[in-house]
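Structure first, commentary second.
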Amino acid sequence: MVMQFDKRSKWWGWGKEDEAYHIPDPDRFWAYVRGRLGTTKPRPRVTSLADFKLRKSRLPRRDIAELRQISGAGAVSTDGEERAFFSLGKSYTDLVRMRRGEVSNATDAIVRPGDEQQVLAVMRLAAGRRLAVIPFGGGTSVVGGVEPVGEGPTITIDMAALNQVLEIDREAATATVQAGVMGPDLERVLRRSGFTLGHFPQSFRYSSVGGWIATRSAGQNSTKYGAIAALVQSVRLAHPEGILSTPNVPAAAAGPDLAQMIVGSEGTLGVITQANVRLSGLPERRSYRGYLLPSFAAGVQASREIMQAGVEPAVLRLSDEAETESSLALRAAPQGAAAAAERVGRWYLQRKGLDLESGSIMILGFEGSEADVRHSGEAAKRILKRLGAASLGSSPGRAWRRSRFAAPHLRDVFLDNGIMVDTLETSTTWGNYLTLHAKIRDALRGALGERSVVMAHLSHSYTDGGSIYYTFLAPQDEGGEIEQWERVKAAATDAIVAGGGALSHHHAIGIEHRRWMRDYLGDEGSRWLSQIKRTLDPEGVMNPGKLIPDLEVSPRE
Ligand SMILES: Cc1cc2nc3c(=O)[nH]c(=O)nc-3n(C[C@H](O)[C@H](O)[C@H](O)COP(=O)(O)OP(=O)(O)OC[C@H]3O[C@@H](n4cnc5c(N)ncnc54)[C@H](O)[C@@H]3O)c2cc1C
């Protein structure tokens, strides 16, 4: 499942060349899209990585020779196509530039170390020569995390060869995993032993354990299993001075938790080579159902009550009214018996004062023992019923599970047709939830203009609050796509920071959010973070230009 440089991977989109989004009813789909956005027209793109015009690798021959000595001749590449591929991630602006064949600041070499000692040797070489180093896991960053920044030569460390699950401790229910293991490979091995990590970001198929840890990622089932921060027990980090190995214990009162300092460090403190992660037994039973609530506000209240009642859903995904409406419009129109069943369903909902198109759909999933799933499902149902919800049965739950990794392919369809499509996210406390949601939605609508779609959902819930995740669409400004996106992104992020939301709930900071870090953390928080970076990476070689606000040390100076 490795998407790292592979001739079959869609460098201009998501997944492999033989994967595509299946639009169930194209007429209905395009009628909805054109009704909202106006006419669209196909946008051509560069067809081959070989057509990219890249500057030559700036890495001195001597450095290339030494990298080859460290990792072997076949593990170092300065090939143009490969350099283009490894220079951007999978954000909207990355894909726009890839489709134009435009990689203005390409990495200078890719090295694929075979073990931790080789990673360390590469880092030492880089620090000694003041070469920037970017760790690359699956390359699915949506915040510019793997893009070179600045003037000097850059080495990208591809973690693909550190791809082993080293040990499963059945008694402790933990696993020792190398950082380059990709999602599906990890789960395949764990399942054979009856375990799961329970970490399924939408990018699961093409992202790595090291990338998850480095970005403080959250999977779709984090409400039950925890986001990656909770799943990491210990880490090993290679940095120019040596290997940091944090103690492998379940809990400790031995000062601040160093492992948690590495979680979310985005490659700016070193390369995560290995981690011990906490596992769960494979669930005996899964039950995923859909509910219709009278409004998003009622759904948010239900989510809060469910979380605070101690009910532990694996998935609690609540679409706002706009997302509910568009997901209904984009599915295939039911035919025959299904159409008759839907008519009956709508009649039943109407009698309860509910309307599919103006309500708010919740997907509620439980996983665990037969008894736990039944007990939790009943407790949640009581809350939902009291708040005016109606059950839509298990088919929306099944449909969501079936298609949960497919949506990124739809982004390619929009981009092929000149439509800007992006997502952004935050989190806040329950008391501020609807106010912040309205502010961000209005900021997005204002920046996008009339011809646009802005929709949101809640997908990660806590006892004290939840995440808000937006998807937005608008016709692209032809030739000015990046500037258009920057205006929209700035309006939404200003609203998030001013409104007291998290600068990111799970996408991380990278380049994209970095300019807001100072406002978000405050002067003191920014100074702490900068000082930590400066102490651990005095040459400023580790993924420069990402995460750390106003960093003064840089290899380019
Ligand atoms: C379609 C799509 C859906 C997504 N869905 C989700 C989601 O549901 N939840 C979520 O949390 N995120 C999501 N993301 C964002 C992205 O997938 C995550 O940030 C993921 O954790 C990145 O993993 P990766 O292996 O691809 O890392 P990369 O993109 O390779 O790297 C990300 C960052 O981590 C650093 N890094 C990578 N490996 C290491 C390492 N071994 N040591 C140190 N630093 C390292 C990189 O330098 C970079 O700064 C999505 C992205 C896309 C494109």
Side-chain angles (χ1 to χ4, degrees), residues 3-6 9-17 19 43-49 51-54 80-107 110 134-150 154 156 158 201-203 205-208 211 214-215 217 266-267 407-416 418-425 471-474 476-477 479-490 492-493 504 506-515 543 545-547:
M3 190 166 71
Q4 290 107 312
F5 195 60
D6 171 343
S9 66
K10 275 188 216 159
W11 44 269
W12 48 269
W14 186 244
K16 297 270 171 62
E17 291 284 359
E19 297 171 339
R43 288 293 294 278
R45 59 173 165 80
V46 170
T47 52
S48 164
L49 277 174
D51 297 336
F52 282 49
K53 288 187 182 49
L54 294 190
E81 290 188 36
E82 205 161 340
R83 285 172 48 225
F85 180 86
F86 277 94
S87 295
L88 294 178
K90 294 292 175 191
S91 71
Y92 170 71
T93 53
D94 293 339
L95 298 185
V96 166
R97 287 178 292 165
M98 277 299 208
R99 285 162 174 258
R100 289 177 183 167
E102 198 181 280
V103 178
S104 57
N105 201 9
T107 187
I110 297 100
I134 303 181
F136 190 105
T140 64
S141 170
V142 281
V143 292
V146 293
E147 179 176 353
V149 173
T154 300
T156 296
D158 177 12
Q202 197 183 45
S203 55
R205 288 180 178 157
Y206 299 112
S207 54
S208 69
T215 56
S217 152
E266 300 187 28
H409 294 296
L410 183 54
R411 190 167 60 154
D412 298 341
V413 175
F414 287 130
L415 284 167
D416 287 344
I419 296 169
M420 167 163 74
V421 51
D422 200 13
T423 62
L424 54 88
E425 38 76 65
T471 304
F472 52 90
L473 308 171
Q476 284 182 324
D477 278 357
E481 294 87 352
I482 303 289
E483 296 75 10
Q484 174 193 26
W485 175 87
E486 279 170 352
R487 282 194 302 277
V488 175
K489 180 76 180 176
T493 313
S504 166
H506 58 263
H507 279 170
I509 301 301
I511 301 173
E512 241 178 46
H513 296 130
R514 183 172 173 253
R515 76 181 164 97
N543 212 357
K546 321 288 161 60
L547 174 66

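Numbers here simply count residues along the sequence, with the first being 1. The figures here come from the full heavy-atom set of this structure, side chains too, leaving out hydrogens, waters and symmetry mates.
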Can you check whether L88 reaches V103 side chain to side chain, under 4.5 Å on heavy atoms?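 Yes, at least one pair of side-chain atoms sits under 4.5 Å.
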So W11 and E81, do their side chains get closer than 4.5 Å, heavy atoms only?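 No, every pair of side-chain atoms sits at 4.5 Å or beyond.
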Shortest non-hydrogen separation from [X] to [Y] and the atoms involved:
{"X": "G138", "Y": "S208", "answer": "N-OG, 3.8 Å"}
{"X": "S207", "Y": "P201", "answer": "OG-CG, 4.2 Å"}
{"X": "Y92", "Y": "V421", "answer": "CD1-O, 3.3 Å"}
{"X": "S504", "Y": "A508", "answer": "OG-N, 2.9 Å"}
{"X": "G13", "Y": "L95", "answer": "N-CD2, 3.9 Å"}
{"X": "V142", "Y": "H507", "answer": "CG2-CG, 3.6 Å"}

Checking [X] side chain against [Y] main chain: does a donor-acceptor pair fall under 3.5 Å?
{"X": "S141", "Y": "V143", "result": "yes"}
{"X": "T154", "Y": "T107", "result": "no"}
{"X": "E425", "Y": "H506", "result": "yes"}
{"X": "D94", "Y": "G89", "result": "yes"}
{"X": "E266", "Y": "I509", "result": "yes"}
{"X": "D412", "Y": "W14", "result": "yes"}

Applying the salt bridge (charged side-chain N to carboxylate O under 4.0 Å, His left out) test to E147, which of K546, R514, R97, K90 qualifies?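 Passing option: R97.
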Give the intermediate values and the outcome of side-chain contact (heavy atoms from CB on, under 4.5 Å) for residues K10 and E17. CA-CA 6 Å; K10 275 188 216 159; E17 291 284 359; 4.2 Å; yes
Quick check for you: to the nearest 0.5 Å, what is the distance between [X] atom [atom1] and [Y] atom [atom2]?
{"X": "R83", "Y": "F52", "atom1": "CZ", "atom2": "CZ", "result": "12.5 Å"}
{"X": "F85", "Y": "M98", "atom1": "CZ", "atom2": "CE", "result": "7.0 Å"}
{"X": "L424", "Y": "S91", "atom1": "CG", "atom2": "OG", "result": "12.5 Å"}
{"X": "T93", "Y": "D422", "atom1": "OG1", "atom2": "CG", "result": "7.5 Å"}
{"X": "Q484", "Y": "Q476", "atom1": "CD", "atom2": "CD", "result": "7.0 Å"}
{"X": "L473", "Y": "I419", "atom1": "CG", "atom2": "CD1", "result": "7.0 Å"}

Walk me through it: do T215 and S217 pass the test side-chain hydrogen bond (donor to acceptor under 3.5 Å, both in side chains)? CA-CA 5 Å; T215 56; S217 152; 4.8 Å; no
Who passes salt bridge (charged side-chain N to carboxylate O under 4.0 Å, His left out) against E512, sequence neighbours left out?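 Salt bridge (charged side-chain N to carboxylate O under 4.0 Å, His left out) check on E512 returns K489.
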Determine the sole option in T47, V46, L415 for which the side chain to side chain contact (heavy atoms under 4.5 Å, CB included) test with R99 is passed.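 Among the candidates, only L415 passes.
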Assess the residue pair D477 and R487 against the criterion (side-chain contact (heavy atoms from CB on, under 4.5 Å)); give the C-alpha distance rounded to whole Å, side-chain angles, the decisive distance to 0.1 Å, and a yes or no. CA-CA 12 Å; D477 278 357; R487 282 194 302 277; 3.1 Å; yes
